[in-house]
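Just below is one structure, and these are the notes that go with it.
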Amino acid sequence: MPSPQGSSRRTFLTASGTGAAAVSLGLTLPAARAEASQLVPDGDEFDTLRLRWRDLTLGTGFDAKAEPYATKLAALGTAARDALATMAPATGSLWPDQPLTVPATGSANMSASYGRLSTMAQAWAQPGTGSTGDTALIAAVGRGLDHLHAQIYNESTKPFGNWWDWQIGSPRLLLDTAVIAYETLTAEQITHYAAAVDHFVPDSAVAVYAGTSTGANRTDLCRVLATRGVLGKTAAKIALARDALSPVFPYVTTGDGLYADGSFIQHTWIAYTGSYGEVQIDGLSRLFALLAGSTWAVTDPNRQIILDSVERSYAPFIHDGLMMDCVNGRAISRQATDDQLMGRTIMAHIAMLALGASAAERDRWRSLIKGWVDRAPSVPVLADQRLSVANLALLRAAVDAAPSAAPAPTGPRLFPAMDRAVHRGTRFAASLSMSSHRIAYYENGNGENLRGWHTGSGMLAWWGEGFAGDQYSDAFWPTADPYRMPGTTVARKPLADGEGGAWGAARPATIWVGGAEDGTYAAVGQHLKGLSSTLTARTSWFFVGDEIVCLGAGITASDGAPVESVVDHRNLGAAGTNALTVDGRRVPATLGRHDTFRRARWAHIAGHGGYVFPDGAAVQALREERTGTWKAINTGGTADPVTRRYLTLWCDHGTDPTDASYAYVLLPGARQLETAVRAADRDKVRVLANSASVQAISAHRLGLLAANFWTAGAIGGLAVDGPASVLVHTAHRTATLSLAAPERTGAPVELVWDRPVRSVATRDPRVEVLTTGRTLRLRIAPGTACGTVRTSVVLR
C-alpha cells in the first residue's frame with residue numbers, strides 16, 4: 001500500500017496555477033507575455049520550455065487592470081510584501097513561525113517556506129501587484145532559496161517527517177520559483193538547487209510503478225523531473241519524466257489509477273476523482289502542454305485514455321461547477337478547500353487539456369465548462385478570487401471559445417470499481433457513497449477527516465438545480481452531525497476520532513455492493529456493515545427520473561446503541577428558517593424542536609424538496625443549531641466556532657433492532673403540493689418487496705421493474721438463481737433486461753422472466769439464450785467487474 005500524501009497538499013489549490021500552452025502547440029491561444037511565449041532567438045530548446053513553463057505557472061491572456069485579475073493581483077502583492085516583511089533567515093528557519101528542525105512539522109514547514117518564496121516571485125513577475133519588478137523582492141527570493149538550501153534542502157540532509165514534502169511539495173515549489181526568477185539567479189545557484197532535487201528525487205523514484213510512485217503521485221514526480229530537466233538543461237531528465245508517465249495512462253483493474261468504468265482510485269482503497277484526481281489531471285495537462293511540439297512530446301497512444309477521462313471520469317462528478325464530495329476523500333475536512341473550489345480548479349485543468357485535444361473534444365469540453373459556469377450558484381466562477389490568475393484566465397478563454405453551453409445531463413452513472421453512483425434528475429444531482437472490502441468507509445490521515453466515519457455507509461448527497469448548491473460547501477463538514485450523514489443507516493455507538501485506522505484501513509467485510517443501470521434507470525444496493533459495530537443491513541436505492549426510492553431491510557445490531565436511518569440532514573445555513581410540513585401540517589420553526597410523527601405519509605422542507613413514506617412511517621424531525629470547529633475534524637483547521645442550522649429527518653429503529661426496515665422516496669426540488677399529490681399516488685412507483693432477501697420496485701406507467709436480489713429469489717415474474725441486480729424496462733412491444741452481479745464472483749446467473757417473448761433482438765456476448773416463447777430464460781456470465789449486461793427482446 002502506498003504511503004499517504006502529505007498534509008502540505010492542503011494548499012495546492014490556491015498555490016497551483018495553470019496557463020495557456022506555448023505557440024508551438026499550434027493552437028489558437030490567448031496572447032500575453034509575448035516575449036516569454038516565442039522561441040528564444042539565441043537560445044535553445046531548454047530555454048523555450050523554461051519560458052513556456054513560466055507561462056503555464058503565471059498564466060496568459062488576461063488584462064491585469066480588469067476584474068477579477070486586478071483584485072487577485074493586488075492581493076498577491078500584499079501577501080508577497082507581508083512575506084518579505086516577516087522573512088528573517090536564522091539557523092533552523094527562514095520565517096520564525098516555520099521552524100525547519102521540528103521532527104513532526106519540519107518537512108511541512110519547509111514546503112510552506114518554499115510556498116512563500118513562490119508567492120514573492122510571482123508578485124515580482126506578475127503585472128499589477130504593486131511589487132512588479134521590485135528588485136528588493138526578487139533579491140530576497142534568491143536569498144531565501146539559498147537559505148533553505150543551506151539549512152535543509154540539500155544533498156547532506158536525510159529526509160524526515162512526510163516523504164511528500166521532500167519528493168513533491170518542496171521541489172515543485174522550488175523549481176517553479178527558480179523558473180520564474182531564472183534571470184536573477186546565477187548558474188551556481190541553479191546547479192545547487194538541481195543537485196538538491198536530484199538527491200531527494202533520483203531517477204529511481206520512477207523506476208518501478210509501485211508504492212508512492214503511482215497515479216497522481218507518479219504524475220507529480222514526473223512533473224518534478226521534467227521541470228528539473230528544463231531548469232538544469234538535462235535532456236535525460238525530461239525524457240525520463242515523459243517515459244515515466246506511460247504507466248499512469250492505461251486502465252487498471254486493481255490499485256491506483258483510472259478504471260475502464262470511469263473510477264479513479266488512490267491509496268488503494270479510496271475513491272479519489274477529486275483531490276488526487278485533480279492533481280493527476282493538473283500535472284498531466286501541464287506536462288502535455290509543456291512538451292507538445294518539442295523533442296520530448298508525449299506520443300504514447302494511451303495518452304488518449306487521459307483525454308477520455310474528462311467525460312468518463314471527471315464530468316460525471318461535476319455539478320454546476322462543484323466536485324461532489326463523495327470523491328474528494330479526506331479533503332472534505334480542509335477549511336481552505338470546498339467542493340466548489342475543487343470543481344472549478346478541475347474545470348481549469350480540463351480547459352488546459354483541451355488545448356491539446358482534437359477539435360471535437362475541445363468544443364465538447366468548452367461547452368461543458370460554459371454550462372457549468374452559467375449554472376454555478378453563489379460566487380460566479382469567473383470572479384472566484386480563490387482561483388489563481390492562470391486558472392481564471394484559462395476558464396475565461398474556454399467560455400469565450402465555447403460554441404454553446406452544454407445542458408445538464410440526466411440519468412444514472414455507476415462506478416462499481418470505487419463503490420460510487422451518480423444520478424441526475426431534471427432538477428437535481430445526487431451522489432451515493434458506499435464501501436466494501438474493496439473500498440474503505442472513509443480515509444483519515446495526517447490529522448485530517450477524523451470524523452468521516454459514516455460517509456461511505458450509503459451517504460446520499462444531493463444538490464438542487466439552481467438551489468441548495470452550497471449544501472456541503474457552507475461549513476457542512478465541521479457542523480454536521482457525523483452520525484447522521486444523509487441516506488445512511490448507523491448505530492449511534494460512540495466512535496473515536498480516526499476510528500478504524502488511517503489511510504483506508506477500515507473496510508467492511510462485504511462484497512454485495514453495486515448495481516445495474518440502463519442509461520435511464522438504475523438499481524443500486526449495499527450490504528451494509530457498521531464501522532466498529534455489529535450493525536448489518538441491506539440497503540437499496542432505485543433511481544427513477546426525478547425520484548430516488550430508498551429501501552432498507554434486515555437492520556440488525558447488538559451494540560447496546562440506538563440505530564437510525566437518516567432520511568436527510570439538510571444544512572439551512574447560518575440563519576435558515578425553512579418550513580417543515582408533515583402531512584399538510586406546518587411544524588413550528590422553533591430551534592431545538594424535536595417531533596415524532598408516528599405514521600407520516602409525507603414531509604416537505606421549503607426550498608429543498610419532499611419525502612414520501614409509501615406505507616406510512618414513524619419519522620423523527622429535529623430543527624437545531626449545531627456548532628463545531630474545523631480543528632475538531634482536521635488538526636490543521638482553526639478552533640474558531642462555526643454554527644449552522646439543520647433540519648434532520650430520520651427513522652429510529654431503537655436500541656439493538658432485529659430485522660428492522662424503512663422505505664421512503666426522495667423528491668429533490670418538489671413543491672409541497674407536488675409532494676402531497678405524489679404521496680396519494682400509490683401506483684406511480686410501488687414497493688414490491690423490502691426484505692433481507694430481495695428489494696424491488698415497479699413503475700407501471702414507465703414499464704419498469706427493478707430488483708436487488710441479495711440471494712436467489714423471485715419477484716414480479718422475475719427470478720434469478722443467484723445474487724443479482726436487475727432492471728426490466730418495457731416500451732411498446734420491446735423490453736430491455738439489464739443485469740449486474742455485484743458480488744463479482746464471476747459465477748453465471750440464470751434469469752427467468754415470466755413473459756411471452758417472440759425473439760431476442762440484441763444481446764451482449766456474455767448472454768446465452770436458453771429459451772424464448774412463453775417465458776424467457778437467459779444464462780448470463782457477468783464477469784468480475786460488475787458491469788451491466790443488457791439484452792433486448794421483442795415481446796409477443
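Just so you know, these numbers use all the heavy atoms, side chains as well, and skip hydrogens, waters and symmetry mates. For clarity, every value in this text was computed on a predicted model and none was experimentally measured.
- Tested against L240, the residues V206, T234, L245 include a single side-chain contact (heavy atoms from CB on, under 4.5 Å) partner, V206.
- Using modelled atom types and a 3.5 Å distance limit, the side chains of N217 and W164 yield no donor-acceptor pair.
- For the side-chain contact (heavy atoms from CB on, under 4.5 Å) criterion with L117, the lone passing option out of L145, L84, L174 is L145.
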Just distance, no hydrogens or angles: give the donor-acceptor pairs under 3.5 Å from side chains in residues 134-144, sequence neighbours left out.
unit_1	atom_1	unit_2	atom_2	d
D134	OD1	A136	N	2.9
D134	OD1	L137	N	3.2

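- At a threshold of 4.0 Å, the pair R396-D400 counts as salt-bridged, since one of the basic side-chain nitrogens sits closer than that to a carboxylate oxygen.
- Between the side chains of E443 and N449, no donor-acceptor pair is found at a separation under 3.5 Å.
- For D165 and N162, the side-chain atoms include no donor-acceptor pair closer than 3.5 Å.
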Set out, in order, the CA-CA distance, both residues' side-chain angles and the distance that settles side chain to side chain contact (heavy atoms under 4.5 Å, CB included) for F62 and L73, then state yes or no. CA-CA 11 Å; F62 59 88; L73 291 166; 4.1 Å; yes
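- Scanning for ring pair (Phe, Tyr, Trp, His ring centres under 6.0 Å) contacts around Y193 gives an empty result, with sequence neighbours left out.
- Using a distance-only test at 3.5 Å, with no hydrogens or angles considered, a donor-acceptor pair links the side chain of N328 to the main chain of M323.
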Give the C-alpha distance, both sets of side-chain angles, the deciding distance and a yes or no for side chain to side chain contact (heavy atoms under 4.5 Å, CB included) between D339 and M324.
CA-CA 6 Å; D339 54 7; M324 297 177 180; over 6 Å; no
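- Distance OH/Y114 to CG/L148: 4.5 Å, rounded to 0.5 Å.
- Geometric assessment of R50 against the ring of Y182 yields a positive cation-pi assignment under the 6.0 Å and 45° thresholds.
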As a quick check of understanding, evaluate side chain to side chain contact (heavy atoms under 4.5 Å, CB included) for Q126 and T132, giving each step before the final call. CA-CA 6 Å; Q126 292 280 37; T132 307; 5.7 Å; no
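- Between F200 and W166, the ring planes are tilted. Angles from 30° to 60° get that label.
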| said: Using the rule given for salt bridge (charged side-chain N to carboxylate O under 4.0 Å, His left out), can you reason through K631 versus D640, listing the C-alpha separation, both sets of side-chain angles and the distance that settles it, and then say yes or no? | reply: CA-CA 8 Å; K631 190 173 186 63; D640 300 331; over 6 Å; no
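- Side-chain atoms of E448 and N634 form a donor-acceptor pair, as typed in the model, at a separation below 3.5 Å.
- Between H319 and W463, the ring planes are tilted. Angles from 30° to 60° get that label.
- Distance NZ/K72 to CG/N391: 9.5 Å, rounded to 0.5 Å.
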Practice problem: May I have the step-by-step check of side chain to side chain contact (heavy atoms under 4.5 Å, CB included) for L368 and W372, ending in yes or no? | Solution: CA-CA 6 Å; L368 284 172; W372 291 328; 4.0 Å; yes
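- Using modelled atom types and a 3.5 Å distance limit, the side chains of D470 and S473 yield no donor-acceptor pair.
- In this structure, a donor-acceptor pair under 3.5 Å is present between the side chains of Q335 and T638.
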